[in-house]
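First the structure, in the form of structure tokens, and then the observations on it.
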Amino acid sequence: MRLLVTGGAGFIGSAFVRHVLGAGQADSVLVLDKLTYAGNMDNLAEAAADPRFQFLRGDIAEPADVEAAVNQAQPGAVVHFAAESHVDRSILSPEPVIRTNLNGTFTLLEAAKRHGIARFVHVSTDEVYGSIPEPHDADETYPLIASSPYSASKAGSDLLALSYFRTFGLNVSVTRASNNYGPFQFPEKLIPLMIANALEGKPLPVYGNGMQVRDWLFVEDHCRAILAVLRQGRAGEIYNIGGNRSLPNIEVVRRIIAATGCSPDLIRWVTDRPGHDVRYALTSAKLERETGWQPQVAFEDGLERTVAWYRTHRDWVDRVRSGEYRRFYDQNYGNR
Ligand code: NAD
Ligand code: DAU
């Protein structure tokens, strides 16, 4: 299979590229990526040595860039990861989120329709379901109650992708995964931010009361699930992907403190995120039933591997924390 992977220089996209090439599941992989603050060619260093791999810098919201990528890749399938993916940034500055997540997805879908691309996997998130009250777990029919500009843009792009199946017969599946963690994650999300700060003895900013619950999925388990959906998923269907490991944020932070050996005194209780979703919880029963996929990495093992990676990749962390990162950090945390 010839693949066009958007956002392949980001955290999950680059893990997916490593996974499909390593598993011999693609004849060729072309990554189309704008290389925003979150995209990084270092994440693709291993793949770049593979003759099946190609890279094109471009913007998914620019039709000419998408056209060039499709012409170069001649893909049998598109796996669409590219997004502005951080909730806090979407609160501070929603414009690029709407442009990339909505216009960008639209531009890709149009190109897929025009070129008759045989398969399209739209990578989305459980955030589209909003906060799930106890004791429920969201299945794929749960209402969309998006809270942030990020989650609303993902919900909109999910509906757009599904409309291209219903209206134009494009072979689209949508995946909705829970919170990912693992190596190469940009240090703005909870786990990599806490690990990076803990290793440097910097404050650990916990929003609100720290009792918000997230379901944690190791990135390699997510990549195996996306490949299963690409191969076996049905057209027009949505597939939840969860890690079966729900934890309150403060418990995650305590485990990171234990794993890094830093002082608990680094915890700072800071002003809550506006519109903060209290609990994400989902069932992946449909994906398990239809493909046999199950998460394989226990949270304890995944966290240990992640902490070990950040310990041994301080240079990577230093490089991605550019001036732009410091501006965002001051803006997001400065007045909390
Ligand atoms: P990320 O922020 O690490 O990477 C996003 C990538 O997209 C970057 O390489 C960036 O350069 C690229 N990009 C951004 N705008 C672009 C544009 N206009 N054109 C081309 N490339 C562009 O994100 P991630 O955490 O790897 O998430 C990947 C996908 O998975 C996203 O669609 C996200 O919504 C979804 N998702 C993420 C999580 C999570 O926990 N991180 C969970 C569920 C779903
Ligand atoms: O659920 C899937 C989603 O998970 C993905 O779609 C998003 O791309 C991804 O960013 C993530 O969204 P969250 O908002 O859940 O992730 P984040 O890592 O930003 O925050 C996780 C929890 O930790 C959340 O309750 C807010 C809290 N938090 C986060 C940060 C960055 C803190 O308490 N302190 C922090 O500094």
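Since we're looking at a predicted model, the values are computed, not measured. Both counts, for ligands and for their atoms, begin at 1 and track the order of listing.
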Contact between ligand 1 and S178 is defined here as a heavy atom of the residue under 4.0 Å from a ligand atom; is it met?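 Yes; S178 lies near enough to ligand 1 that a heavy-atom distance drops under 4.0 Å.
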What do we get for [X] next to ligand 1 when only non-hydrogen atoms under 4.0 Å count, side chain, backbone, both or neither?
| X | result |
| --- | --- |
| K154 | side chain |
| N179 | backbone |
| Y280 | neither |
| T6 | neither |

Contact atoms of ligand 2, heavy-atom distance to R214 under 4.0 Å: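 In order of numbering, the contacting atoms are 15 (O), 24 (C), 25 (O).
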Going by the atom numbers of ligand 2, which of them fall below 4.0 Å from some non-hydrogen atom of V206?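 What qualifies from ligand 2 is 33 (O).
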Heavy atom of the protein closest to [atom] (residue, atom name, distance):
| atom | answer |
| --- | --- |
| atom 30 (O) of ligand 1 | V123 CG1, 3.6 Å |
| atom 24 (C) of ligand 2 | H276 NE2, 3.4 Å |
| atom 34 (N) of ligand 2 | P205 O, 2.8 Å |
| atom 19 (O) of ligand 2 | R273 NH2, 2.8 Å |

Nearest heavy atom to [atom] wins, so pick from [options].
| atom | options | value |
| --- | --- | --- |
| atom 37 (C) of ligand 1 | D33, I12, T125 | I12 |
| atom 10 (C) of ligand 1 | N101, V97, T36, D65 | T36 |
| atom 14 (C) of ligand 1 | P96, G7, A83 | A83 |
| atom 30 (C) of ligand 2 | Y207, Y150, F186, Y129 | Y207 |

If you take the centroid of each ring, where Trp contributes its six-membered ring, are H86 and F328 closer together than 6.0 Å?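 F328 vs H86: aromatic centres under 6.0 Å.
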When the aromatic ring centroids of F165 and F120 are compared, is their separation below 6.0 Å?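 No, they do not, as the ring centres are separated by 6.0 Å or more.
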T271, V270, V253 screened by side-chain contact (heavy atoms from CB on, under 4.5 Å) with P205, the one that passes: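 One option only clears the test, and that one is V270.
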Interatomic distance, L92 atom CG to Q331 atom CD [nearest 0.5 angstrom]: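 So the gap between those two atoms works out to 4.5 Å.
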Hey, which atoms in ligand 1 end up nearer than 4.0 Å to a heavy atom of A38?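 Those of ligand 1 that fall under 4.0 Å from A38 are 2 (O), 8 (C).
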Proximal atoms of ligand 1 relative to S85 (non-hydrogen, under 4.0 Å):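 In order of numbering, the contacting atoms are 1 (P), 2 (O), 23 (O), 25 (O).
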Taking non-hydrogen atoms only, is D126 closer than 4.0 angstrom to ligand 2 via side chain, backbone, both or neither?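 Within the 4.0 Å criterion, D126 contacts ligand 2 through side-chain atoms alone.
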Are any of the side-chain heavy atoms of Q212 and D277 separated by less than 4.5 Å?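 With C-beta onward as the side chain, the pair stays apart.
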Is there a heavy atom in E188 that sits closer than 4.0 Å to ligand 2?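 Checking ligand 2 against E188, which is what was asked, there is a heavy-atom contact under 4.0 Å.
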